[in-house]
Participant: 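Have a look at this one before I ask anything.
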Amino acid sequence: MKKLGILLDETTIINFPHLWKLLRRYGFLAIIVPLIAIGYGGKQYIEQNNIFMLQKSFVYSSADAGGGGGAMAIMARMGGGDEGEGMSPGEVTSLVQNLDFLQSFAEKLYVHPQLNRMIFTGLNGKEVVTSRILFSSCGESKECKIKVLRNTVAGFISIKMDPALSKKYWVEVKTLDSFTTRELISLVVEEIVRTRRVTQKRKMNEQIKVTEGLIEKKRKELNGIDVYALKQKKKELEDELDQITNKMNSYGREYQNKNIQLSYMESKLKKTKETAEKDINISEKDKITKRVLIQSRIEKVRKDIDAIKILSDQIGEKDKAILAQLEKKKRQLETELKKIGLGARSAGYTMEFLDQKDKEKEVTEFDYQVLSKQVIKINREYKKYEAMKKEVTQEIIKINNTFEQIAPILESIKLLEAKAAQLRLVETTVVSDLIFDIEMGGMRVYKKASVVKIVLFSITLSLFLLFLGILLRYLIDDRILDEAELEKTFDGITIIGSTPDFD
Amino acid sequence: MGSEKEWNDIHELDESSEMMEAQAKQESDKSLKLVGDPSRKKKKSNKYFYKVANHHELFKIGRSFHTDYVNGVSSFAIASTGYQTSQQKTILGLASFFDHKEDLRIGIISDNLYDCVFKNIVKTSDTFEYEYDDSGVKIEIHNFHDHFEFIDFNKLIRITNRKKVDSVEDFIEQIVDQYDIVFWDVPELFKIENDSEAYFPYIMKYESISIIVTQKLSKKADIDEIKQFFIGYGINLKGLLFDEHTHQNKEAENNPIKSKKPWWRIF
């Protein structure tokens, strides 16, 4: 272990200067080992198969991209859960590793007309494997052949994410034969698109079923309530309420009017009665009578004066004399009237008024009776409608309460029905959300491990083997290399110094 | 190491040899050829001291060894995991340092005098014979301009192996005591292990041992083996010296054991 101690260093772990010394000491190893490693690396590189690769890119159009899958994503989001975010990059890249996909792809490939021309040698294989050799263990069993084909092609196809762009991917087909690669890639692209469409349709169907189930469940929660009938009934009640309200309004107005009339009538009746019962004295009556007479005379004279004035175009001497007489008479009558006084006038009116009222008393009372009966009737009708209104209002309130209770369920049902309708629409128009480019890049031929990798591998291997070789060689070599080693080896013995040398 | 009887014999020999030593010393003074006269004239400067490429390091390790010398250690063994050149360079460098620092009698005992680094120095050295105790046992000593003296370890082993001397310890001690400081160029471990009995007395003279670790060549297991071997003998391990100069190590290539590399060493 002393020797190992010499190889180790406190700070750098390995004592590199000493290692370098050993390298120079065992120069043969230092030359042979890298040569062997490089030779081995070179051999590995040369023996590698040429791999033929074709790539085709596609874009995964989720909701963010706003493509044909946009509606799909929206629908998926409405369903909630992981699907609301579309496929993750891992899911996209593992599309072609899915067993269902491989199975359907193998079935398609099995019936390909050029199957016998294709080479199915594994990427690391050495011998050529045709379809005949591939199916040699299956006899006549079609399922077995498809299964073998499925397991074989799984290693040829892969999907990789574009390092620069998100949502962009590359489907790669790698085989050891250019013809096989070309045939496989077109098949793969078709199959991916078809499979994706089928998958999406299936998802839609499932979502529709789930939605319908939810609707059914919600409907059951309604406990047999016929919402439509309830709505109809509510409408009718509201119409009825409107009518009742209108009627009540008109009855109300009528009642008010009649009430006013009734009150007027009442007052009138009362006053009429009071007035009819009232009497005036005889002298007053004579005066009233005389006044009335004089007034009528005056009126008559005035009319005569006016008539003359109107009927005559030119007032002659005769007419003037008549007019003067009439005027004089009128003045005499007016003087007489003045002597009688105004009271007479008012008494005259009063008498006339009283006579009138006396005559009106019966009529007024009749009218009053009729009016009061009308008012009572109107009032009764109003109250009836009021009661009706109250009933109808309570019914409407009851219906509203019921609606309030079932409103969340109704809302859910409404939304679910809307969703179901949209899902059905989308299902009929579903397209693949993986959009492939039309053009494809050229065939690329390469070896699995590039020259750089091989060189790096060789360098690493040679360094490792060199280190190992030197270590082993050093451990079995018990010669003393230098003074430091001497000191370490013979720990405890004085190192006097170096031997003298002579020129 | 040997049986208890042998140890007892050696102890008895020690006691008697002390008495004899005093006598022998007197006599040897007479028989000894001049190696170095304390009153000898000042020696020339050691050119090898200035040929060192890494003076700093030499001073550093030299000071360390000098401190030990001051504290009483005078016998330094330098070993390695089979890289003789490195050992010899180190010994040469240290010897030059001591020689430059103090006027000392420096002895270098090596089993590879006529190869590697010491070869040219020994060629240009004056050789004389040293007779032990008038016993007729002679040893060649190569004096390098009075700076340091080289003794062939193999010859010493041969002498003691063939029991040409009565007392090995006495013999070794007499050799070593001539010098103020002795550097031992330790032979490869397998040689020692193959003839441990012969090397043992000499190993006992090591007062400290330093092991050279060669960068990228020396293995921990080998170093541990050497360390455990000498610590087992009670030899003080002074420390490790690090040889960071890349060598074409011919000894390792020629060594049948050393040249056996595991297959994965190509990596």
Side-chain angles (χ1 to χ4, degrees), chain A residues 1-7 17-37 462-503, chain B residues 47-65 68 78 80-81 83 85-97 117 208 210-224 227 237-245 247 262 264-267:
Chain A
M1 286 302 111
K2 276 188 182 175
K3 281 207 161 191
L4 276 179
I6 298 163
L7 277 179
H18 193 72
L19 208 61
W20 175 242
K21 272 189 219 166
L22 291 178
L23 202 67
R24 287 195 315 233
R25 185 179 179 184
Y26 308 119
F28 190 77
L29 264 178
I31 294 165
I32 280 292
V33 166
L35 280 176
I36 290 171
S462 65
L463 284 173
F464 174 72
L465 287 176
L466 199 58
F467 178 77
L468 212 63
I470 284 174
L471 184 69
L472 279 169
R473 179 71 184 86
Y474 176 65
L475 286 174
I476 59 175
D477 187 1
D478 56 356
R479 293 176 294 169
I480 305 298
L481 179 61
D482 57 16
E483 204 166 331
E485 196 180 328
L486 181 68
E487 273 177 39
K488 283 250 168 83
T489 308
F490 296 100
D491 191 24
I493 301 176
T494 310
I495 310 296
I496 306 165
S498 298
T499 58
D501 194 23
F502 292 89
D503 295 329
Chain B
K47 68 172 180 182
Y48 281 99
F49 180 72
Y50 297 101
K51 274 188 155 183
V52 172
N54 51 345
H55 259 106
H56 235 249
E57 282 302 319
L58 177 61
F59 266 82
K60 184 179 159 192
I61 62 173
R63 257 202 303 274
S64 174
F65 279 86
D68 288 351
I78 309 293
S80 73
T81 55
Y83 303 103
T85 310
S86 205
Q87 278 176 237
Q88 291 187 0
K89 279 188 178 178
T90 306
I91 291 168
L92 190 61
L94 285 168
S96 300
F97 177 82
V117 178
S208 90
S210 305
I211 303 172
I212 294 175
V213 177
T214 309
Q215 187 182 30
K216 295 184 190 175
L217 292 171
S218 298
K219 285 158 60 172
K220 179 179 179 295
D222 294 338
I223 296 162
D224 279 336
K227 185 180 93 183
L237 177 64
K238 176 178 167 57
L240 305 174
L241 287 158
F242 190 61
D243 182 3
E244 54 189 15
H245 312 108
H247 299 288
W264 40 262
R265 211 36 103 72
I266 61 166
F267 296 112

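Residue numbers start from 1 in every chain, and the chains themselves are labelled A, B, ... in the order their sequence lines are given, proteins ahead of strands.
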Participant: Need one label for Thr90(B): side chain, backbone, both or neither, based on atoms under 4.5 Å from any heavy atom in chain A.
Facilitator: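 Both backbone and side chain.
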Participant: Sequence neighbours excluded, which residues qualify as side chain to side chain contact (heavy atoms under 4.5 Å, CB included) partners of Ile36(A)?
Facilitator: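 For Ile36(A), the residues satisfying side chain to side chain contact (heavy atoms under 4.5 Å, CB included) (neighbours in sequence not counted) are Ile32(A).
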Participant: Among all residues two or more places apart in sequence or in another chain, which pass the side chain to side chain contact (heavy atoms under 4.5 Å, CB included) test with Leu472(A)?
Facilitator: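 Checked Leu472(A) against side chain to side chain contact (heavy atoms under 4.5 Å, CB included); zero matches.
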Participant: With only heavy atoms counted, which part of Ile495(A) is less than 4.5 Å from chain B, the side chain, the backbone, both or neither?
Facilitator: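 The answer is both parts of Ile495(A).
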Participant: Is the shortest side-chain heavy-atom distance between Ile211(B) and Lys227(B) below 4.5 Å?
Facilitator: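 In short, these two side chains touch, coming nearer than 4.5 Å.
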Participant: For Ile78(B), is there any backbone N or O sitting under 3.5 Å from a side-chain donor or acceptor partner on Gln87(B)?
Facilitator: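 Confirmed, Gln87(B) side chain pairs with Ile78(B) backbone.
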Participant: Look up atom OG1 in Thr214(B) and atom CG in Leu486(A), then write down how far apart they are to the nearest 0.5 Å.
Facilitator: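 Thr214(B) OG1 to Leu486(A) CG: 10.5 Å, rounded to 0.5 Å.
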Participant: Under a 4.5 Å heavy-atom cut-off, does chain B meet the side chain of Ile480(A), its backbone, both or neither?
Facilitator: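 Backbone plus side chain of Ile480(A), per the 4.5 Å heavy-atom cut-off to chain B.
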Participant: Please look at Leu241(B) and chain A and tell me whether the side chain, the backbone, both or neither of the residue comes under 4.5 angstrom of a heavy atom of that chain.
Facilitator: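 Contact with chain A involves both backbone and side-chain atoms of Leu241(B).
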Participant: For each of Gly469(A), Ser498(A), Ala30(A), tally heavy-atom pairs with chain B at distances under 4.5 Å, and name the one with the top tally.
Facilitator: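 With the most close heavy-atom pairs to chain B, the winner is Ser498(A).
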Participant: Report which part of Lys238(B) has an atom under 4.5 Å of a heavy atom belonging to chain A: side chain, backbone, both, or neither.
Facilitator: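 For Lys238(B), the contact with chain A is made by backbone and side chain together.
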Participant: Within the side chain of Arg479(A), is there an N or O that forms a donor-acceptor pair under 3.5 Å with the backbone of Leu217(B)?
Facilitator: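 Checked: no pair found.
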Participant: Identify which part of Ile61(B) has an atom lying under 4.5 Å from any heavy atom of chain A, answering side chain, backbone, both or neither.
Facilitator: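 When you check distances to chain A, atoms from both the backbone and side chain of Ile61(B) fall under 4.5 Å.
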